[in-house]
Enquirer: 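What follows is a single structure, and I will ask about it in a moment.
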Amino acid sequence: MYEGAIQDLIDELGRLPGVGPKSAQRIAFHVLSADPADVNRLATALRKVKELVRFCTTCFNVAESEQCRVCRDPRRTSEVLCVVEEPKDVVAIERTGEFRGRYHVLGGAINPLEGVGPDNLRIRELLLRLGTGEVHELILATDPNTEGEATATYLALMVKPMGIKVTRLASGLPVGGDLEYADEITLGRAFEGRRAV
Ligand SMILES: [Zn+2]
């Protein structure tokens with residue numbers, strides 16, 4: 001189609017999630033005509049995210065040091081632990097302002113069709129954290145879709161024998177949806193109305 005650098009950029013952009021060939025082409029030509037300072041800032045941001053951002057050694061949220069902001073905050077309670085699929089779900093729940101406990105990020109959900117089993121998620125690390133006896137309630141905030149429900153069911157079976165209260169977010173969340181797309185009010189209410197499983 002195009003030659004050299006512009007086609008390379010279109011190809012790279014086209015590999016990003018949610019970017020089709022037409023969008024890739026539009027972004028590439030936008031970059032081409034943009035102010036060099038703006039493009040440099042974008043390039044720096046891309047490089048920096050790979051250099052600086054890593055996963056929290058405690059909860060596997062994104063972090064810029066050993067531990068993420070939530071794990072470093074001494075005002076938060078360690079008695080309530082909220083299990084989510086991805087770091088973006090932490091952001092969605094933080095936006096509600098309803099939760100003052102800590103998180104555990106699984107890194108996905110059980111999905112046999114795509115070969116994702118319990119061993120591919122950070123479930124072993126979760127059970128180790130629960131083994132310290134500090135956690136009194138585990139909130140299962142996986143997505144309200146088939147994979148999220150399967151993951152929640154699996155975790156409830158594993159954790160309940162440990163004598164820890166296990167709760168699931170209340171209904172009202174759009175079924176089949178992603179936690180991150182729920183508005184703050186709906187997600188906040190789902191939190192308040194969580195039920196024991
Ligand atoms: Zn953390």
Side-chain angles (χ1 to χ4, degrees), residues 17 45-111 116-145 147-160 162-170 173 177-184 186-192 194 196-197:
L46 287 171
R47 233 185 355 260
K48 268 191 166 169
V49 81
K50 291 306 286 180
E51 276 168 22
L52 300 178
V53 181
R54 43 191 164 152
F55 292 106
C56 173
T57 52
T58 304
C59 75
F60 304 98
N61 186 13
V62 284
E64 288 204 5
S65 57
E66 190 86 345
Q67 285 195 310
C68 72
R69 211 165 32 180
V70 176
C71 288
R72 286 201 313 268
D73 187 345
R75 291 164 304 175
R76 301 188 71 123
T77 173
S78 300
E79 292 184 0
V80 189
L81 194 62
C82 179
V83 177
V84 296
E85 294 181 18
E86 305 287 350
K88 58 185 168 33
D89 301 324
V90 172
V91 175
I93 292 169
E94 286 298 287
R95 257 196 329 249
T96 70
E98 290 283 338
F99 184 59
R100 297 303 301 157
R102 300 186 191 274
Y103 294 95
H104 189 87
V105 182
L106 293 172
I110 294 171
N111 187 344
V116 182
D119 292 345
N120 304 110
L121 305 171
R122 296 183 188 109
I123 291 176
R124 199 159 31 89
E125 291 86 345
L126 172 66
L127 297 176
L128 279 174
R129 283 181 84 182
L130 297 177
T132 64
E134 218 177 355
V135 178
H136 295 169
E137 180 184 354
L138 187 73
I139 303 173
L140 302 172
T142 48
D143 285 343
N145 55 27
E147 294 78 22
E149 290 299 338
T151 309
T153 305
Y154 178 84
L155 289 176
L157 281 171
M158 299 285 285
V159 172
K160 272 203 276 186
M162 301 172 85
I164 296 166
K165 181 181 175 190
V166 181
T167 55
R168 180 92 174 105
L169 294 194
L173 292 173
D178 267 351
L179 212 61
E180 59 166 321
Y181 299 129
D183 66 275
E184 283 114 274
T186 307
L187 188 53
R189 277 191 196 139
F191 239 88
E192 279 179 77
R194 65 186 183 269
V197 291

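Only a predicted model underlies this, so the values are computations on that prediction, with no experimental measurement involved. As the structure lists them, so they are numbered: ligands from 1, and atoms in each ligand from 1.
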Enquirer: Regarding Glu64 and Arg72, does a basic nitrogen lie under 4.0 Å from an acidic carboxylate oxygen?
Expert: no
Enquirer: Given 3.5 Å as the limit, does a donor-acceptor pair link the side chain of Asp73 with the main chain of Val70, or not?
Expert: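 Looks like no, no N/O pair under 3.5 Å.
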Enquirer: Output yes when Glu137 and Arg194 qualify as a salt bridge under the 4.0 Å nitrogen-oxygen rule, no when they do not.
Expert: yes
Enquirer: Say you draw a straight line from OG1 of Thr142 to CG of Leu169; how long is it, rounded to the nearest 0.5 Å?
Expert: 8.0 Å
Enquirer: Does the pair Glu134 and Arg102 meet the rule for a salt bridge (charged side-chain N to carboxylate O under 4.0 Å, His left out), with working shown?
Expert: CA-CA 12 Å; Glu134 218 177 355; Arg102 300 186 191 274; over 6 Å; no
Enquirer: Listing residue and atom name, which protein N/O/S atoms are closer to the Zn ion (ligand 1) than 2.8 Å?
Expert: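 Only Cys56 SG, Cys59 SG, Cys68 SG, Cys71 SG fall inside 2.8 Å of the Zn ion (ligand 1).
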Enquirer: Looking at Leu81 and Phe99, what are the two nearest heavy atoms and their distance?
Expert: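 Smallest interatomic distance, heavy atoms only, reads C-CZ, 4.5 Å.
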